[in-house]
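Okay, so here's the structure we're looking at.
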Amino acid sequence: MIEDFLGKIEEKINKEVEKGRKKFGESFDEAQFRATNPNVLREQAKWDEVHNRYVAAEKASDFAEYRQIIIDNNIVCPISGTCNWTDVRQFNLMFSTSMGSTADGANTIYLRPETAQGIFVNYLNVQKTGRMKIPFGIAQIGKAFRNEIVARQFIFRMREFEQMEMQFFIKPGTELDWFKKWKENRMKWHVNIGMGAENYRFHDHEKLAHYANAATDIEFNFPFGFKELEGIHSRTNFDLGNHQKFSGKKIEYFDPEENASYTPFVVETSIGVDRMVLAVLSHSFHEEKLENGETRVVLSIPAPLAPVKAAVLPLVKKDGLPELAQEVMDLLKYDFNCQYEEKDSIGKRYRRQDAIGTPFCITVDHESLNDRCVTVRDRDTMEQTRVPIAELRAMIDAKVNLNNLLRNL
């Protein structure tokens, strides 16, 4: 709640800056404006005061100060609008359960709050069987569980969720350089997906976890504001060192270049699959008013992520058009997930494909029988282009192939 309060102050400052930009045009000097505008200075002073208190409370784990910051700034509950606050308390974020054949002999175990530890336990097996040299990474996807105080905001915050994590093993002393590199790479990945660079930002952690010496979040502009989408952490050698200590088993890496053994340091990237889905859907869904007064529902999913890549649509169900459309379908179906549809008018079929996010609609008409060309309609612009059937596969591949996105990194 304190971070959200600070975010609202930042929004006020940014609005003042945008007003200044519109007022002064090309002569606008943002740095000077921020340093001299009284409204900006007032809000910035307020932000600095709250932020400094918050950082101090974070570092000291001062629960009483957390509450006092909330009270002093009249921060209300975002749901009820009230401010009748209890004391700040520490909550248990792990789920516990019992395992054993009898109640008396049962052991307390915990559902994993992250997927990382399985990687750490097995990293040496992967390194040896894969003949990997440091630096190298191990990635995995799986279920994780958090005992959230309040599960909310649709699928943004859940108690059971799908998590993708990568642990990147590196030489001690190089971790901060790799941390910076992975920050840049992960942000570049998100921006290249195509949902707008302005919708992402970094949020560096004020208080680091006990295992980290650097940490940041990539936040996305959800409908309820900027919230964490992915975490990037420099975990030092905390995990491997403790697994080695408590198991009594040596899991050091032998570096042939250094001719020495050491416990690798780790940089981690961790992203929630559910949050990524929510980011894509919330950004992509919109309703458009058309020139004829109608409204169309569009799911503008980035083409590489769209479940259905193309729809093949014969203009009518006769005159040999379905047969040629089926030929087009046979040409594309082995490379792309396509739909074939011939029911209803072509306009209604376009609308159905818009609603499920299909990037391209391919219409086979009477001219196609003569010139072996089809009309390709773009989902987002609704522009229609005549394309030879022989060139269809290459045209669609250039737009929807995830490998092309990876090549741009």
Side-chain angles (χ1 to χ4, degrees), residues 139 141 153-156 161-166 182-202 217-232 269-288 296-313 332-339 341 349-362 376-385 387 391-409:
I141 181 173
Q153 293 164 331
F154 190 35
I155 60 172
F156 178 79
F161 54 94
E162 203 80 21
Q163 192 174 31
M164 295 185 289
E165 290 190 325
M166 182 199 68
W182 277 111
K183 276 182 65 174
E184 294 170 354
N185 283 352
R186 293 307 300 152
M187 181 62 84
K188 194 173 182 181
W189 156 263
H190 286 289
V191 171
N192 271 315
I193 288 175
M195 297 196 292
E198 70 280 2
N199 289 312
Y200 297 92
R201 71 182 186 188
F202 286 114
D217 295 333
I218 293 177
E219 295 185 333
F220 182 76
N221 190 15
F222 289 95
F224 38 84
F226 277 94
K227 297 291 182 182
E228 178 190 355
L229 180 62
E230 177 170 357
I232 303 164
T269 67
S270 175
I271 181 171
V273 180
D274 313 274
R275 289 187 181 186
M276 189 67 206
V277 170
L278 180 60
V280 172
L281 292 180
S282 62
H283 177 268
S284 301
F285 179 84
H286 55 280
E287 297 179 346
E288 287 183 359
R296 74 164 184 150
V297 174
V298 189
L299 199 59
S300 298
I301 302 175
L305 304 182
V308 180
K309 305 302 185 185
V312 180
L313 316 171
L332 301 176
K333 67 183 181 181
Y334 297 106
D335 297 294
F336 315 106
N337 184 22
C338 302
Q339 283 192 356
E341 197 173 15
R349 284 180 276 171
Y350 283 160
R351 292 291 175 268
R352 283 201 290 267
Q353 296 301 324
D354 290 342
I356 65 171
T358 306
F360 302 107
C361 286
I362 301 166
V376 178
R377 173 186 178 270
D378 184 272
R379 173 198 64 202
D380 299 325
T381 65
M382 293 190 291
E383 291 181 358
Q384 299 188 14
T385 309
V387 178
E391 298 176 10
L392 265 179
R393 184 190 171 283
M395 186 217 75
I396 295 173
D397 186 75
K399 300 286 187 181
V400 308
N401 194 325
L402 195 64
N403 293 335
N404 295 328
L405 190 155
L406 295 171
R407 290 187 182 100
N408 290 330
L409 295 180

Does a sphere of radius 6.0 Å around CZ in Phe224 hold more than 12 heavy atoms from other residues, nucleotides or ligands, not counting ones at 6.0 Å or beyond? yes

Answer yes or no: are there more than 12 heavy-atom neighbours, outside Lys399 itself, under 6.0 Å from its atom NZ? no

Looking at Glu219 and Arg201, is there a salt bridge between them, counting it only when a charged N and a carboxylate O are closer than 4.0 Å? yes

Ion pair Glu341/Arg349, N-O distance below 4.0 Å: no

Measure across Leu332 and Cys338 and return the closest heavy-atom pair with its distance rounded to 0.1 Å. CB-SG, 3.9 Å

The criterion is ring-ring contact (aromatic ring centres under 6.0 Å, His included); which residues satisfy it with Tyr200, sequence neighbours excluded? His190, Phe220

Ser270 and Gln163 side chains, donor-acceptor separation under 3.5 Å: yes

Looking only at non-hydrogen atoms, find the nearest pair between Asp380 and Ser300 and report the distance. OD1-OG, 3.0 Å

Partner set under salt bridge (Lys or Arg N to Asp or Glu O under 4.0 Å) for Arg377, not counting sequence neighbours: Asp354

May I ask you to check whether over 12 heavy atoms, not counting those of Glu383, lie within 6.0 Å of atom CD? no

Could you pull out the closest heavy-atom pair between Asn404 and Ala398, with the gap in Å? ND2-O, 3.4 Å

Any sub-3.5 Å donor-acceptor pair from Ser282's side-chain atoms to Ala279's backbone N or O? yes

How many angstroms lie between atom CD of Gln353 and atom CD of Gln339, to the nearest 0.5 angstrom? 5.0 Å

Backbone of Ile301 reached by a side-chain donor or acceptor of Arg379 within 3.5 Å: yes

